[in-house]
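Below is one structure; the comments refer to it alone.
Quantities reported herein were computed from a predicted structural model and do not represent experimental measurements. Heavy-atom basis, side chains included; hydrogens, waters and symmetry copies ignored. So that the names make sense, note that chain A is the first sequence line, chain B the second, and so on, each numbered from 1.
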There are 2 protein chains.
Amino acid sequence: MTTIRDVARHAGVSFKTVSRVINGEPAVRKEMRERVQVAIRELGYQPTLAARQLAGHKSYIISLIAPRVAASYIARIMIATAAECRAVGYHLNMEVIDVAHDRDPVESDDKVSFSVKPDAVILIPPFADHAGLIGQIESEGLPLVRIAAVGGGYGTRLAVNDENITVALIEHLLELGHRRIGIVAPASPKLASQTRVLGYRRALLAAGITPDPALEVRGDFTFASGAAAATQLMALPQRPTAIFAASDDMALGVMAEAQRLGYRIPDDLAVAGFDDSPQSRLVYPALTTVFQPIAEMARAAVHAAIGRELENFHVRHELRLRGSTTGDRSLCLSQADF
Amino acid sequence: MTTIRDVARHAGVSFKTVSRVINGEPAVRKEMRERVQVAIRELGYQPTLAARQLAGHKSYIISLIAPRVAASYIARIMIATAAECRAVGYHLNMEVIDVAHDRDPVESDDKVSFSVKPDAVILIPPFADHAGLIGQIESEGLPLVRIAAVGGGYGTRLAVNDENITVALIEHLLELGHRRIGIVAPASPKLASQTRVLGYRRALLAAGITPDPALEVRGDFTFASGAAAATQLMALPQRPTAIFAASDDMALGVMAEAQRLGYRIPDDLAVAGFDDSPQSRLVYPALTTVFQPIAEMARAAVHAAIGRELENFHVRHELRLRGSTTGDRSLCLSQADF
DNA sequence: CTGAAAGCGCTTACAG
DNA sequence: CTGAAAGCGCTTACAG
């Protein structure tokens, strides 16, 4: 294996100088630096992370703790975080937790381990507010970034507020003439996505409509829960003419169930979701939804995790108005944003 | 930080004995072993991976090299691999490569790095046959597992052959009375999924139908390419009454385009896909498709990577017959398999 | 079955 | 701007 000493010999400098070049330390003459860089390239040298970590107390590893679920939101965060880590010279350690088995990620045998000694940890929903994990990470003394966290506590919170964009989405439905608009709301109160419910209510009130509790049904972000909500809402004495679901998967459940019951989308029922997931484009009619800048959030999280400033960071939501509300009959052929 | 010496002191043994217990070496008295294990638990000790790696030439890290694409197939492999790594006491290092920018993962600045010194590497499509990457991994002397690889060469090949299950799927369409069956085939010849085309042709021939080249259209696994294929196929003088797409995303493109053109599914056109992706269940009617045991393949890959035997390993494909061919009007409410 | 020595490939202070 | 010493937390041989 090529080591720092091989590079030093090849470049005719002390191995310490090589170390300085690798770490971008200023105190190296330009000529030396270039000589070392040539040697590194010629030998194909890659510093051993483990040695750097042991000596320098820095691992260049970030751990992402994610649930083992099929949600595209999770997959998109995972991929974007991994890509961003690479971009800044870090490595991503993925810790995937099986939430289905209901094991405590802190206390069970299968608990999350920090033996890779990451430089920082990123937590995403539904763990962003998991007190046990947060406590464990704090006691390990690890920097923490919590994406879409609601509560305070240890760590940097990357808060998202979906209220305003949801207001805009509901206004779109109101402009189309809908007055009875149902919502499939997040069941768990401790989620950032609750701001979507606030936006829904605010938009209705602003239009002079009193939110009807019968039109608010809970879901757990799955397709099945969206379908069940649709069954319930469409059975109401005064059924809604539009339904907003707090996630695309639930919205697709609403759409499918409505179609199964014989309603046409959007003629009989308009449907809107949230996430701009890849699957929101795969149905006919395509689903109206809200684009969340997941890649940018992942970038921000990685930068926050390693203590770098990120310039030009804006969490810019965007309405994606499509056939499921507008009646537009074209397909969505562009690739999904990441 | 708690080190091996702290544990030794706490347990009243030499630190070498602790090391032996951690590594499960046999030469330790049962009593000693238990004493050490208690100390480890009491102190919450977790051995530093970097130190073990440096001293023992073993990192307990597996690298997965994956493309940065939105395909659920990729996300499912990623998640399953990460979960399996955890299960066997390893850590997953994710290297996500931006294929969109067309940068060479071996030669570009952004090339894949092995500075984490993984114990093994796992390659998935479309990299499973990437000669450059395979060569790099071989020259690093790293064990390699290639999931769904086609060609020979360095590394353990986890081959999949989809021919037989595709035959079964086409037979299902034939039984429904379809005689003109179109296919959206993989464009790239170097993919394991080409076995799906072989199965398609074999099933037709077995039924006494000569495959019609006009009914074979190429796609690149995206929704858009499926939609384009449908446009083309449905414009044929003798249009097909059923279309099999070699991936679910392409099948959904076929379905959406057909619906847009006013055809009813499956009355006017039956559609079938491949993957049993989560999104295959999110549409109405639900998509007939083939379940691929991705989680089991990931398990097998991880075990092969670390040189362990995996008992009871079967790549068991399964037909998932749903409304897009059968006309069944129920929704698919169970969670997707992983 | 248990222990003391050497060393993995680097970085961190500290000199010059 | 550059170098020689010490040490990060472990495992690998080698003794006993």
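Listed by first and then second residue, the salt bridge (charged side-chain N to carboxylate O under 4.0 Å, His left out) pairs involving residues 2-18 of chain B are B:D6-B:R9 (not counting sequence neighbours). A ring pair (Phe, Tyr, Trp, His ring centres under 6.0 Å) check over residues 50-71 of chain A, counting only residues at least two apart or in different chains, returns the pairs A:Y60-A:Y90. Counting only residues at least two apart or on different chains, the salt bridge (charged side-chain N to carboxylate O under 4.0 Å, His left out) pairs with a member in residues 117-144 of chain B are B:D129-B:R146. For residues 46-56 of chain B, there are no salt bridge (charged side-chain N to carboxylate O under 4.0 Å, His left out) pairs, not counting sequence neighbours. A side chain to side chain donor-acceptor pair (under 3.5 Å) check over residues 32-44 of chain B, counting only residues at least two apart or in different chains, returns the pairs B:H10-B:E42.
In this structure, B:N93 and B:P118 have side chains that are not in contact, with every pair of non-hydrogen atoms separated by 4.5 Å or more.
A:Q292 pairs by the side-chain hydrogen bond (donor to acceptor under 3.5 Å, both in side chains) definition with A:D275, not counting sequence neighbours. In this structure A:R20 satisfies the side-chain hydrogen bond (donor to acceptor under 3.5 Å, both in side chains) test with no other residue, sequence neighbours excluded. Residues passing the side-chain hydrogen bond (donor to acceptor under 3.5 Å, both in side chains) test with B:T2, sequence neighbours excluded: none. For A:Y45, there are no ring-ring contact (aromatic ring centres under 6.0 Å, His included) partners, not counting sequence neighbours.
Residue A:K58 contributes atom NZ, which lies 9 Å from atom P of C:dT12 at whole-angstrom precision. Between B:K117 atom NZ and D:dT11 atom P the separation is 19 Å, expressed in whole Å.
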| note | A correct 5'-to-3' footprint of nucleotides 1-9 of chain C, with B, S and - meaning base, sugar-phosphate only and no protein heavy atom under 4.0 Å, is SBBB--BBB

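Taking only side-chain nitrogens and oxygens, A:S19 never comes nearer than 4.0 Å to OP1 or OP2 of C:dC10.
Within a heavy-atom distance below 4.0 Å of DNA chain C, no residue of residues 34-42 of chain A is found.
Secondary-structure stems of DNA chain D, taken as three or more successive Watson-Crick or G-U wobble pairs (i with j, i+1 with j-1) under a 3.5 Å distance threshold, comprise C:1-3 with D:14-16, C:5-12 with D:5-12, C:14-16 with D:1-3.
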